[in-house]
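Scroll down for the structure; my scribbles are underneath it.
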Amino acid sequence: MWGERKVARRAASRIVFIYICISISWIFISDYALNNFPILESNWIEIIKGSLFILVSAFIFYYFIQKGIEETLKVEGKYRLIVENVSDLIAIVDRNGIIEYTSPSHEFIFGFTQEELTGKSVFDFLKKEDRAQIKNRLLINEKVRVPVEINLQHKEGHLVLVECKAVPILDKGGVVERNILFSRDITERKNAEKELMESEERYRKLVEYSPETTLIHMNGIIIYVNQAGLDLIGAGHVNQIIGKDVLEFIPKEDTEYAKMQMGKIQEGVSEISEYKIIRLDGKVIYCELLGFVTTYKGENAVQVIVRDVTERKKAAEQVEFLAYHDSLTGIPNRNSLYEHLDELILCNDDKSQMSAVMFLDLDRFKMINDTFGHSVGDILLKQVTIRLNSCLKEGETLYRYGGDEYVIIMQHTEHRMIKQLAENLIHILTTPFIIQDRQMFISTSIGISLYPNDGDNVEALIQNADTAMYYAKEKGKNDYHFYTDTLHLINNRKMEIENGIRRAIDRKEFALYYQPQVDLNTRRIDGLEVLIRWKHPEYGFISPMEFIPIAEETGLISLIGNWVLETACHQYKQWLKIGIPLQRIAVNVSSRQFKDKTFLKAVRDILHETKLDPSYLELEITESVTQQVEEATIIMKELKKLGVHLSIDDFGTGYSSLNYLRQFPIDKLKIDKSFVGEINNHIQGKAIVRTIIELGNNLGFKVIAEGIENEQQLSFLQENNCHFGQGYFFSKPLPSEEIGRLLMRGTL
């Protein structure tokens with residue numbers, strides 16, 4: 001402010017001084033001209049008056065000039081302050097583009113100082129090919145000019161994109177004398193716009209070509225759908241979908257649920273929901289939907305991502321079905337039996353109401369199965385199941401317990417009806433079965449226990465019915481018998497077998513056989529499954545199906561299991577020493593042995609004693625252990641810490657806790673031979689095997705199929721990405737001497 005006053009005073013003083021000099025000179029010149037210098041003779045009073053007038057007018061003139069200059073300087077200072085501090089570029093150029101003035105912002109944006117720019121042509125900073133075009137568009141003789149985007153050369157060499165507008169300054173004749181150039185650096189804005197456009201393009205292509213359906217609706221009316229959505233709903237053109245209400249594709253019984261979910265989305269709650277969707281062709285599919293609030297063309301809308309889970313749901317339903325139903329016959333399995341019977345006991349408050357458990361075992365089935373093969377045996381089981389079911393009425397349910405064993409539950413019944421059903425079951429099987437043009441005869445032995453008289457829990461009722469069934473067999477088969485307390489006498493053989501197990505290890509009556517596990521793609525032997533055989537001194541070879549359950553029941557299974565594991569590890573170590581190539585050896589672990597508190601320690605001790613690398617050992621665990629999820633997971637994790645491989649044996653036979661299967665640290669799933677045998681017989685059998693293989697592969701497990709007996713089964717397994725297999729098609733179980741010679745060959 002003081003600087004402005006000082007400048008104004010100086011300027012005003014100079015102007016007034018000139019004014020006084022001119023005025024006095026004028027007086028003297030005028031008097032001289034009139035009177036030829038009679039100044040000494042003039043009227044001094046008039047001269048003094050004239051001088052006073054000049055001084056007073058000079059003072060007034062000085063005051064107003066000072067104020068005017070001060071105001072002018074203030075305005076000029078403000079404009080200069082704005083120009084020199086504005087972030088945009090301001091330059092003054094003459095009509096030819098020569099720079100006369102630049103704002104300081106040029107140095108910040110282009111690196112050139114005002115001194116470096118002044119006197120230069122603005123076109124020196126343009127690419128040569130752009131100069132003529134920019135000159136015509138920017139410095140034309142018009143009062144209003146359209147902004148032009150210009151790439152200007154930075155002092156360091158790179159280009160800076162600016163938006164420039166020229167405002168002409170005209171002379172009195174209306175000709176452009178110079179131009180004021182107003183420019184703004186738009187490099188970042190353009191880059192942002194470019195990135196936004198590229199991002200929008202990527203998003204558009206992502207949505208358009210995504211395999212998952214994306215649709216947008218406003219208040220339920222569809223306004224956008226991608227190609228995947230058209231394919232999902234079966235539409236040939238987008239006009240078949242646009243404008244329709246989303247609820248048109250939801251079954252009526254689900255519309256209230258859909259409206260509720262849509263309301264949650266509007267409230268900002270996004271969650272995956274499962275819906276049934278009706279296609280245009282009327283087919284119903286299952287989908288998972290995730291909706292969230294968005295904007296579309298500036299208005300609020302809802303975007304929905306839709307995933308078709310029909311195949312996955314069918315597979316899950318199929319696997320769930322397998323958990324509670326027998327894959328061969330389609331009837332409820334052992335798992336379903338235990339749940340049903342347990343529920344019956346828990347819900348039966350009236351102990352006077354009697355229920356019955358019938359345990360059926362087919363007579364002579366093993367002979368037919370061994371003589372004609374598993375495929376014929378499976379066909380026979382299916383036909384037997386149909387006949388047995390035909391005898392049942394409401395309140396009576398048939399279950400396949402395992403192998404050739406069935407269980408029937410009769411709810412709220414009486415002795416007369418139980419006997420009648422037992423007789424009908426025996427009678428229905430007397431008619432021969434025709435399989436592959438052969439007549440086959442089979443009968444059944446039935447044991448019956450009654451609730452609550454013969455037991456108040458599931459295990460007791462089934463065990464007592466089983467005991468009664470064995471008694472019926474001993475009587476000559478093809479008969480039925482009710483459980484009584486005296487039936488313990490029939491357990492003599494069991495006692496003899498139990499005592500024999502205790503002595504068998506010391507007497508070296510047990511022997512190990514080995515069945516090759518083969519890589520289905522290379523036919524190379526990948527591993528061996530260890531199988532135990534018992535040659536009793538009195539009874540000869542006793543089937544593991546007979547003595548293993550007794551060993552589990554009596555607690556001797558750990559004794560046998562530890563012997564098998566130790567013997568197998570020693571044998572494997574010997575094969576390694578002589579250079580026989582082998583990936584690993586698989587040892588079965590029963591559910592009772594697995595749950596034994598000493599099991600983990602036994603495995604550690606045996607591996608330490610035999611000095612076998614744990615990676616060579618694979619433990620095959622039965623499905624029944626997966627029912628106790630937490631306990632099983634802890635034990636499995638400890639085994640994995642040792643470096644041992646784990647597999648689930650006989651997968652799909654009815655015990656797997658499928659919801660927790662993915663949590664188990666297992667390496668391999670083993671498909672039960674009953675499923676493999678179905679490959680030859682029925683399309684459904686193939687579908688079941690394919691489902692199990694896909695489940696295993698999707699969970700990251702290796703899959704091995706047992707019971708391969710022919711080329712057809714092998715080809716199907718190979719086509720569906722089953723990794724390994726074993727069965728009589730490759731080799732029957734062999735003693736160590738014979739399997740050693742086979743291993744030296746390496747392939748089958």
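This structure is a prediction, so every number in the text was calculated from the model and none was measured. What's counted below: heavy atoms across the whole structure, side chains too, no hydrogens, waters or symmetry copies. Numbers for residues simply follow the sequence, beginning at 1.
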Can you confirm whether V564 sits close enough to L512 that some side-chain heavy atom of one is under 4.5 Å from a side-chain heavy atom of the other? yes
Just wondering, do E566 and N562 contact through their side chains at under 4.5 Å, heavy atoms? no
Which pairs pass salt bridge (Lys or Arg N to Asp or Glu O under 4.0 Å) with one or both residues in residues 682-693, sequence neighbours excluded? none
Between I532 and F547, is there a side-chain heavy-atom distance shorter than 4.5 Å? yes
What one should report as the nearest heavy-atom pair of A356 and I448 is CB-CG2, 4.4 Å
Partner set under side-chain hydrogen bond (donor to acceptor under 3.5 Å, both in side chains) for R416, not counting sequence neighbours: E414
For side-chain hydrogen bond (donor to acceptor under 3.5 Å, both in side chains), just list the numbers for T385 and Y406, CA-CA rounded to whole Å, side-chain angles, deciding distance to a tenth of an Å, and then say yes or no. CA-CA 9 Å; T385 301; Y406 294 84; 2.9 Å; yes
Contacts of E552 meeting salt bridge (charged side-chain N to carboxylate O under 4.0 Å, His left out) (sequence neighbours excluded), chain-then-number -> none
In sequence, state the C-alpha distance, the side-chain angles, and the governing distance for S445 and D479, and then conclude on side-chain contact (heavy atoms from CB on, under 4.5 Å). CA-CA 5 Å; S445 298; D479 198 0; 6.0 Å; no
Is the NZ or CZ atom of K313 both under 6.0 Å from the centre of the six-membered ring of Y286 and within 45° of that ring's axis? yes
Can you pull the ring pair (Phe, Tyr, Trp, His ring centres under 6.0 Å) pairs that have at least one residue in residues 416-447, sequence neighbours excluded? none
Out of K668, R584, H723, which residue meets the side-chain contact (heavy atoms from CB on, under 4.5 Å) rule with Q517? K668
Do the ring planes of F321 and H325 sit parallel (below 30°), tilted (30 to 60°) or perpendicular (above 60°)? parallel
Who pairs with E343 by side-chain hydrogen bond (donor to acceptor under 3.5 Å, both in side chains), at least two apart in sequence or on another chain? none
Measure from the side-chain N and O atoms of R387 to the backbone N and O of T431, and report whether any donor-acceptor pair falls under 3.5 Å. yes
Without swapping roles, check the side chain of S449 against the backbone of L461 for a donor-acceptor pair under 3.5 Å. yes
Side-chain donor or acceptor of S647 paired with backbone N/O of D649 under 3.5 Å: no
Given the options Y513, F510, W563, F541, W534 meets ring-ring contact (aromatic ring centres under 6.0 Å, His included) only with F510
Could you check whether any side-chain heavy atom of Y470 comes within less than 4.5 Å of a side-chain heavy atom of D466, counting everything from C-beta outward? yes
Which residues pass the side chain to side chain contact (heavy atoms under 4.5 Å, CB included) test with D605, sequence neighbours left out? K601
What is the minimum heavy-atom distance between I560 and A551, and which atoms define it? CD1-CB, 3.8 Å
Would you sort out whether E509 and R503 count as a side-chain contact (heavy atoms from CB on, under 4.5 Å), showing the intermediate values? CA-CA 8 Å; E509 295 172 3; R503 299 188 298 266; 5.6 Å; no
Nearest atoms (heavy-atom pairs only) where Q593 meets I557: N-CG2, 3.8 Å
Classify the ring geometry between Y401 and Y338 as parallel (under 30°), tilted (30 to 60°) or perpendicular (over 60°). parallel
Can you sort out the partners of D361 under side-chain hydrogen bond (donor to acceptor under 3.5 Å, both in side chains), two or more places apart, ordered by chain and number? K473
Locate the shortest heavy-atom distance separating A586 from E620; write the atom from each residue and the value. CB-OE2, 3.4 Å
Near M367 CE, under 6.0 Å, is it more than 12 heavy atoms from other residues, nucleotides or ligands? yes
With sequence neighbours left out, which residue pairs that include part of residues 397-410 fulfil the salt bridge (Lys or Arg N to Asp or Glu O under 4.0 Å) condition? D326-R400
Tell me whether D667 contacts the main-chain N or O of L646 through its side chain, where contact means a donor paired with an acceptor under 3.5 Å. yes
Salt bridge (Lys or Arg N to Asp or Glu O under 4.0 Å) contacts touching residues 692-710 (sequence neighbours left out): K670-E706
Would M469 and L360 count as a side-chain contact (heavy atoms from CB on, under 4.5 Å) here? Give the steps. CA-CA 7 Å; M469 181 272 297; L360 290 75; over 6 Å; no
Taking only residues two or more places apart in sequence, or in another chain, which ones meet E396 in a salt bridge (charged side-chain N to carboxylate O under 4.0 Å, His left out)? K393
Shortest non-hydrogen contact from Y399 to N333? CD2-O, 3.6 Å
Partners passing salt bridge (charged side-chain N to carboxylate O under 4.0 Å, His left out) against K508 (at least two apart in sequence or in another chain): none
N/O donor-acceptor pair under 3.5 Å between T610 side chain and C569 backbone: no
Tell me whether R502 is salt-bridged to E498, with the criterion being a basic N under 4.0 Å from an acidic carboxylate O. yes
Does the gap between the ring centers of F482 and H415 come in under 6.0 Å? yes
Residues K732 and E738 bridged, charged N to O under 4.0 Å: no
Only residue of I708, I704, V703, D526 satisfying side-chain contact (heavy atoms from CB on, under 4.5 Å) with L520 is I708
Q353 vs Y451 side-chain heavy atoms within contact, under 4.5 Å: no
Check this for me: K673, atom NZ, are more than 12 non-hydrogen atoms of other residues, nucleotides or ligands nearer than 6.0 Å? no
State, to 0.1 Å, how close N478 and D363 come at their nearest heavy-atom pair, and which atoms those are. N-OD2, 2.9 Å
Does S731 offer a backbone N or O that forms a donor-acceptor pair with the side chain of Q515 under 3.5 Å? yes
side-chain hydrogen bond (donor to acceptor under 3.5 Å, both in side chains) partners for S558, two or more places apart: D596
Is there side-chain contact between I693 and I671, with heavy atoms separated by less than 4.5 Å? yes
I435 versus Q383: any side-chain heavy-atom pair under 4.5 Å? yes
Report yes if the side chains of L450 and V357 come closer than 4.5 Å at any heavy-atom pair, otherwise no. no
I'd like to know if the side chain of D456 reaches the main chain of P452, judged simply by a donor and an acceptor atom lying under 3.5 Å from each other, with no hydrogens or angles considered. no
